Amino acid sequence: MPELPEVEVVRRGLAAHVTGARITDVETHGARVLRRHEPGAADFAARLRGRTIREVARRGKYLWLDVGDEAVVVHLGMSGQMLLARPGDPDPRHLHARFGVTTGEGDPIEVHFVDQRTFGGLALTAVDQDGTPEPVAHIARDPFDPLFDPLAVARRITKRPSAIKRQLLDQTIVSGIGNIYADEALWRAKLHGERPGDRLTKPAVVRLLGHAHDVMSDALGEGGTSFDSLYVNVNGESGYFERSLNAYGRGGQPCRRCDTPMRREHFMNRSSFSCPRCQPRPRRG
DNA sequence: AATTAGCCCTGATTGC
DNA sequence: TGCAATCAGGGCTAAT
């Protein structure tokens, strides 16, 4: 988490407020937030001051501010937030970066990067001819991308013996899907996450990818999934999709399709939730 | 080449 | 009450 819908909520909020804005001040706290920005904090701030934010873009869970021939790449990690603030507002806890910007209307506002668990980070990098920043070049297109090709992805998935959930979470195969929406898509598709990719048909995988798209689209419509105050939009508000989850976090509760108690299993060092009846484990062999 | 374990990190929760 | 163990887990790196 935040997964594609939550990152898209943030992207939209930022786009509405800072597109066309000029960056006037840049301040970072600590080394960790810029650990992927090799040249360091002074370089980051100096190169950004005076630049104009042309666009706020996203692929999968990566977000970036297009400032011309370069981009500020933002990854929220587990707990990162991009919050709008007014100059003079008190610093929130876990503030790692502060951008002072002046909007097209001449309004001075601040953008705060706040991150409790510090798995997130920022970097200023070059972009390729398509405008994709270097750190995002290896990330596959996500199901919201106009150039996303479900059949090509299904062809790739059905060639590999790896478990389907593992492949759904592999950001170089399809991006934007994390543990929550993987479980939700598998529940909708009535597939167990440990089904080997090469034991599924291409149409079944195309259907699964369609479910992944649909559940993330539904979540976006509710402002994303918020379990607690860590997952919020640029105004600090929570989303409401948690109440609509059918699988994730519902261990022991009745399946919303067949009433069978949902199971919780450990897979890839995390929890997986599924229905024992709708989503039978694959047979051995 | 593909896969997997380990690491990074804080705070809420659980257990003794 | 107090402290330690556990859990949440995305993405990168090193090892197999």
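Fair warning: this is a prediction, and the values are worked out from it, not measured in the lab. Any value given below was found using the heavy atoms of this structure, including those in side chains, with hydrogens, waters and symmetry copies removed.
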(message) Whether the A/S175 and A/K61 side chains hold a donor-acceptor pair (N or O, under 3.5 Å, no angle test) is what I'd like checked.
(response) no
(message) Measure NE2/A/H266 against P/B/dA5 and give the value in whole Å, please.
(response) 15 Å
(request) Would you check if A/F119 stacks with the base of C/dG10, given a 5.5 Å centroid limit and a 30° plane limit, both strict? (result) yes
(request) Kindly say if A/Q171 contacts the phosphate of C/dG10, meaning a side-chain N or O under 4.0 Å from OP1 or OP2. (result) no
(message) Quick one, A/V33 and A/T118 - any side-chain contact, counting heavy atoms below 4.5 Å?
(response) no
(message) Using OP1 and OP2 only, check whether a side-chain N or O of A/S271 sits under 4.0 Å from C/dC7.
(response) no
Interface polar pairs with nucleotides 1-3 of chain B, N/O, under 3.5 angstrom:
residue: B/dT3; atom: OP1; partner: A/S162; partner atom: OG; Å: 2.7

(message) I need the CG-C1' distance between A/L63 and C/dG11, as an integer number of Å.
(response) 16 Å
(message) Could you tell me how far apart A/N269 (CG) and C/dG11 (P) are, to the nearest whole angstrom?
(response) 16 Å
(request) Would you tell me if any nitrogen or oxygen in the side chain of A/R264 comes within less than 4.0 Å of OP1 or OP2 on C/dA8? (result) yes
(request) Measure the acute angle between the ring planes of A/Y62 and A/H138, then classify it against the limits of 30° and 60° as parallel, tilted or perpendicular. (result) perpendicular
(message) Taking only side-chain N and O atoms of A/H138, does any of them lie within less than 4.0 angstrom of OP1 or OP2 on C/dG11?
(response) no
(request) Would you kindly say whether A/D170 and A/T172 are connected by a side-chain donor-acceptor distance under 3.5 Å? (result) yes
(request) State plainly whether the residues A/R98 and A/D91 are in salt-bridge range, i.e. N to O under 4.0 Å. (result) yes
(message) Can you tell whether the side chains of A/D69 and A/R51 come within less than 4.0 Å, N to carboxylate O?
(response) yes
(request) Would you mind reading off the distance between A/R93 atom CZ and B/dA12 atom P, rounded to a whole angstrom? (result) 8 Å
(request) Could you check whether the rings of A/F241 and A/Y181 sit parallel, tilted or perpendicular, using 30° and 60° as the cut-offs? (result) tilted
(message) Looking only at the side chains, is there a donor atom on one of A/E265 and A/H192 sitting less than 3.5 Å from an acceptor on the other?
(response) yes
(request) Consider only side-chain N and O atoms of A/D115 and A/S79, and report whether a donor and an acceptor are under 3.5 Å apart. (result) yes
(message) If you compare every side-chain N and O of A/H94 against the phosphate oxygens of B/dG11 (OP1, OP2), does one of them come in below 4.0 Å?
(response) yes
(request) Starting from P on B/dT4, measure out to NZ on A/K165 and report it in whole angstrom. (result) 15 Å
(request) Please step through side chain to side chain contact (heavy atoms under 4.5 Å, CB included) for the pair A/H266 and A/S271, ending with a clear verdict. (result) CA-CA 5 Å; A/H266 290 284; A/S271 293; 3.9 Å; yes
(request) Quickly work out the A/N179 CG to C/dG11 P distance and round it to whole Å. (result) 12 Å
(request) Compare side-chain N and O positions of A/H75 against OP1 and OP2 of C/dG11 and report whether any pair is under 4.0 Å apart. (result) yes
(message) Short of 4.0 Å, heavy atom to strand atom, which residues of residues 28-42 of chain A count as contacting DNA chain B?
(response) A/R32
(request) Specify the separation, in whole Å, of atom CZ of A/R270 and atom C1' of B/dC7. (result) 14 Å
(request) Please determine if a side-chain N or O atom of A/Y62 lies less than 4.0 Å away from the OP1 or OP2 oxygen of C/dC12. (result) yes
(message) Rounding to an integer number of Å, can you tell me how far A/M78 CE sits from C/dC12 P?
(response) 15 Å
